[in-house]
Structures are given as structure tokens and as C-alpha cells.
Amino acid sequence: MAPMKAMKAMKAGAKTMTKGALAEALATETGLKKSECNKVVESLAKVATIQVKSAGKCVLPGLCMIKSRQKPATKAGKRMAFGKEISCKAQPAKTIVKAFPVAALKKSI
């Protein structure tokens, strides 16, 4: 139970960085204007979206790899789960998108 409490405490205290804060951090790091950095962040999102749609995979070097895959449709029926028979609705096919950290990021944390 101790790790779960630690995870909850981490989630409560840690704030995620907003797009503006990211642009500000990039501006101070690179010496560019904040508005230029904001445009770079937006264009990076557009390029990554186009790449994932066309190739199914996009790698941001040193950060993460974004993959998409097709999850097939499921038929309605009854299935066994936890020793009980459960009736399930039919689910349509859908595209799943996941991001995986690269090895360099895993080692640095």
C-alpha cells in the first residue's frame, strides 16, 4: 500500500507544464522570442499528427515515440470474467494512440 500512497502524493503535488510555460522555458533556453517558440510548439504538434496518421509512428528524439494501431471490433455476447458470465455490448473498431518514452529518457529519470 505504501507505493500507492506515494503515487497519489506525487500526482497531487506535481503540476503539468502548460503550452505557455513550455514556450517560456524554450525562449529562455534558446534566446528566441516566446511567440516564436509558441509557433514551434504548435507546428511540432501538427507535424507529429500528420506523421502518426500517415506512417502510424512518430519519434521525438530523446523524448518519446508515438504509435497508433487499429483495435478490431468486438461482437456482442457473453464472456467469462472473474469466474462470472458477463454480457458484453458490441464495440466498434477504433484507433488507439500511445506514447512510449525512449531509452535515454528512462535512464535519465
Side-chain angles (χ1 to χ4, degrees):
M1 287 306 260
M4 290 299 288
K5 287 182 182 177
M7 282 178 57
K8 286 181 182 177
M10 256 177 44
K11 286 182 182 178
K15 298 278 186 181
T16 57
M17 189 179 274
T18 62
K19 187 171 84 169
L22 179 62
E24 183 70 36
L26 286 172
T28 56
E29 191 74 24
T30 60
L32 298 170
K33 291 182 181 178
K34 184 179 173 183
S35 60
E36 291 173 345
C37 291
N38 206 3
K39 288 178 185 176
V40 168
V41 170
E42 288 175 3
S43 64
L44 180 65
K46 286 180 186 176
V47 169
T49 302
I50 292 168
Q51 186 66 27
V52 170
K53 279 185 180 179
S54 63
K57 187 178 186 181
C58 178
V59 178
L60 299 174
L63 191 62
C64 69
M65 175 173 49
I66 304 167
K67 285 184 180 179
S68 68
R69 72 175 185 92
Q70 279 296 116
K71 191 170 185 179
T74 58
K75 294 181 180 178
K78 295 184 178 184
R79 292 180 179 78
M80 290 294 290
F82 307 111
K84 296 179 183 178
E85 202 168 86
I86 300 171
S87 60
C88 299
K89 295 179 182 177
Q91 297 287 332
K94 50 185 143 181
T95 304
I96 307 276
V97 180
K98 290 186 179 181
F100 302 96
V102 294
L105 181 63
K106 286 184 191 177
K107 288 177 185 175
S108 68
I109 294 178

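By convention here, the first residue in the shown sequence is residue 1. Just so you know, these numbers use all the heavy atoms, side chains as well, and skip hydrogens, waters and symmetry mates.
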Which residues share a side chain to side chain contact (heavy atoms under 4.5 Å, CB included) with Leu32, sequence neighbours left out: Thr30, Glu36, Cys37
With Lys78 via side chain to side chain contact (heavy atoms under 4.5 Å, CB included) - residues at least two apart: Glu85, Ser87
Closest approach of Leu105 to Pro101 (non-hydrogen atoms, all atoms of both residues): CD2-CB, 3.8 Å
Non-neighbouring partners of Lys34 that pass salt bridge (Lys or Arg N to Asp or Glu O under 4.0 Å), sequence neighbours left out: Glu24
Steps toward side chain to side chain contact (heavy atoms under 4.5 Å, CB included) verdict (Lys57, Met65): CA-CA 7 Å; Lys57 187 178 186 181; Met65 175 173 49; 3.1 Å; yes
Val102 and Leu63, any side-chain heavy atoms less than 4.5 Å apart: no
Sub-4.5 Å side-chain heavy-atom contact between Lys98 and Ile96: yes
From CG (Asn38) to OG (Ser43), nearest 0.5 Å: 10.0 Å
Flag if over 12 foreign heavy atoms under 6.0 Å of CD, Gln70: yes
For Lys19, salt bridge (Lys or Arg N to Asp or Glu O under 4.0 Å) partners two or more places apart: Glu42
Those residues that, when tested against Lys84, pass side chain to side chain contact (heavy atoms under 4.5 Å, CB included) (two or more places apart): none
With Leu22 via side chain to side chain contact (heavy atoms under 4.5 Å, CB included) - residues at least two apart: Met17, Leu26, Val41
Closest non-hydrogen atom pair, Ala73 against Ala93: CB-N, 3.6 Å
Gap between atom NZ of Lys53 and atom OG of Ser68 - 0.5 Å precision: 10.5 Å
Note, Thr74 side chain near Arg79 side chain (heavy atom, < 4.5 Å): yes
